[in-house]
Asks: 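Would you mind keeping the following structure in view while I ask a few things?
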Amino acid sequence: MKIIESIQYAPADQIVSWVQNKNTVKVQPYGEWISLPIYVASGELSYSSKPEKAGTQHTIQILARLKEGIYLPELLILSVKLCDGKILIIGTPDIPVQNNFSSTLYMRTISIAHIGINPPLILQDV
């Protein structure tokens, strides 16, 4: 499990450049990355993989507390900055992330369970 410092997103249909090399990626959205209003270090990311006949299946789970209610597009690419300074990209233009926002009287959270063919990809400078 990794502690999340911040999360940004871009709608999957607004990715104009995607160059992937093994476990790294250079990605450029049409506009700026949009920050999610999460409490700093309130999120956690866990990751697992398992071999399948068609290839390896990677499962990435994210849970974070939000400062306020949000509206997100249905299909996203996430840029997740960990507390160790590493930035990971979750989702691809072909298999984007689907969000799940929930709210109670006392707490708002975003939880994501993304299953795809790629592990979390390390962001390279464009």
Side-chain angles (χ1 to χ4, degrees):
M1 178 175 58
K2 303 284 187 183
I3 303 299
I4 297 171
E5 181 180 313
S6 64
I7 303 174
Q8 296 180 312
Y9 72 91
D13 63 354
Q14 293 187 15
I15 300 300
V16 294
S17 175
W18 181 273
V19 180
Q20 184 176 334
N21 295 316
K22 204 156 185 157
N23 291 333
T24 62
V25 67
K26 291 181 182 180
V27 60
Q28 180 63 50
Y30 176 71
E32 296 291 321
W33 289 98
I34 302 164
S35 293
L36 285 179
I38 71 166
Y39 288 100
V40 175
S42 73
E44 49 192 51
L45 179 144
S46 59
Y47 161 75
S48 65
S49 62
K50 71 177 186 178
E52 298 283 340
K53 288 181 182 179
T56 304
Q57 175 180 300
H58 301 275
T59 302
I60 303 158
Q61 296 183 325
I62 295 173
L63 178 65
R65 288 187 55 213
L66 296 166
K67 294 178 183 178
E68 58 192 54
I70 56 170
Y71 169 78
L72 292 173
E74 187 174 337
L75 303 174
L76 310 168
I77 304 296
L78 297 178
S79 172
V80 178
K81 184 174 183 182
L82 304 177
C83 284
D84 66 7
K86 190 182 297 182
I87 299 175
L88 302 176
I89 299 298
I90 313 296
T92 66
D94 295 330
I95 306 174
V97 172
Q98 295 183 339
N99 76 76
N100 183 16
F101 167 73
S102 66
S103 178
T104 66
L105 187 58
Y106 301 105
M107 186 172 22
R108 294 180 188 99
T109 60
I110 185 165
S111 64
I112 294 163
H114 178 70
I115 299 172
I117 59 172
N118 291 313
L121 300 170
I122 298 169
L123 179 65
Q124 290 184 323
D125 292 331
V126 177

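On a predicted model such as this, the values are computed, not experimentally measured, just so you know.
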Asks: Going by the rule side-chain hydrogen bond (donor to acceptor under 3.5 Å, both in side chains), which residues pair with Gln8 if we only count those two or more places apart in sequence or in a different chain?
Replies: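 side-chain hydrogen bond (donor to acceptor under 3.5 Å, both in side chains) list for Gln8, sorted by chain: Ser35.
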Asks: Exactly one of Ile122, Leu123, Ile89, Val19 should register a side-chain contact (heavy atoms from CB on, under 4.5 Å) with Thr24. Which one does?
Replies: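 The residue from Ile122, Leu123, Ile89, Val19 that satisfies side-chain contact (heavy atoms from CB on, under 4.5 Å) with Thr24 turns out to be Ile122.
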Asks: Would you indicate whether the side-chain heavy atoms of Trp33 and Val27 approach each other to under 4.5 Å?
Replies: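 Yes, side chains in contact.
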Asks: Would you mind telling me which of Leu78, Leu66, Leu76 makes a side-chain contact (heavy atoms from CB on, under 4.5 Å) with Ile7?
Replies: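 Exactly one option meets the side-chain contact (heavy atoms from CB on, under 4.5 Å) with Ile7, and it is Leu78.
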Asks: Is there a side-chain contact between Gln61 and Thr59 in this structure, where contact means two heavy atoms from C-beta onward sitting under 4.5 Å apart?
Replies: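 They are in contact (side-chain heavy atoms under 4.5 Å apart), so the answer is yes.
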Asks: Mind checking the CG-CD1 spacing from Asn118 to Ile95? Nearest 0.5 Å is all I need.
Replies: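 These two atoms lie 7.0 Å from each other.
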Asks: Could you give the distance from CD (Gln98) to NE2 (His114), rounded to the nearest 0.5 Å?
Replies: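 Going from CD on Gln98 over to NE2 on His114, the span is 9.5 Å.
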Asks: Other residues, nucleotides and ligands only: do more than 12 of their heavy atoms fall within 6.0 Å of CD on Glu52?
Replies: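 Yes, because the 6.0 Å sphere around CD of Glu52 holds more than 12 heavy atoms from other groups.
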Asks: Test of understanding: with salt bridge (charged side-chain N to carboxylate O under 4.0 Å, His left out), list the residues that count as partners of Glu74, not counting sequence neighbours.
Replies: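 Glu74 satisfies salt bridge (charged side-chain N to carboxylate O under 4.0 Å, His left out) with no residue once adjacent residues are dropped.
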Asks: For the CD1 atom of Ile77 and the CG atom of Asp13, what is their distance to the nearest 0.5 Å?
Replies: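 The CG atom of Asp13 is 10.0 Å from CD1 of Ile77, to the nearest 0.5 Å.
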Asks: Under the side-chain contact (heavy atoms from CB on, under 4.5 Å) criterion, do Ile117 and Thr92 qualify, and how do the steps go?
Replies: CA-CA 9 Å; Ile117 59 172; Thr92 66; over 6 Å; no
Asks: According to salt bridge (charged side-chain N to carboxylate O under 4.0 Å, His left out), who are the partners of Lys81, at least two apart in sequence or on a separate chain?
Replies: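 Lys81: salt bridge (charged side-chain N to carboxylate O under 4.0 Å, His left out) contacts with Glu5.
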Asks: Is any side-chain heavy atom of Ile62 closer than 4.5 Å to one of Ile110?
Replies: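 The answer is no, as the side chains (C-beta and beyond) never meet within the 4.5 Å cut-off.
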Asks: Heavy atoms, side chains only, cut-off 4.5 Å: are Leu121 and Trp18 in contact?
Replies: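 They are in side-chain contact.
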Asks: Find the distance between CD1 (Ile3) and CG (Leu45) and round it off to the nearest 0.5 Å.
Replies: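 One gets 10.0 Å once the value is rounded to the nearest 0.5 Å.
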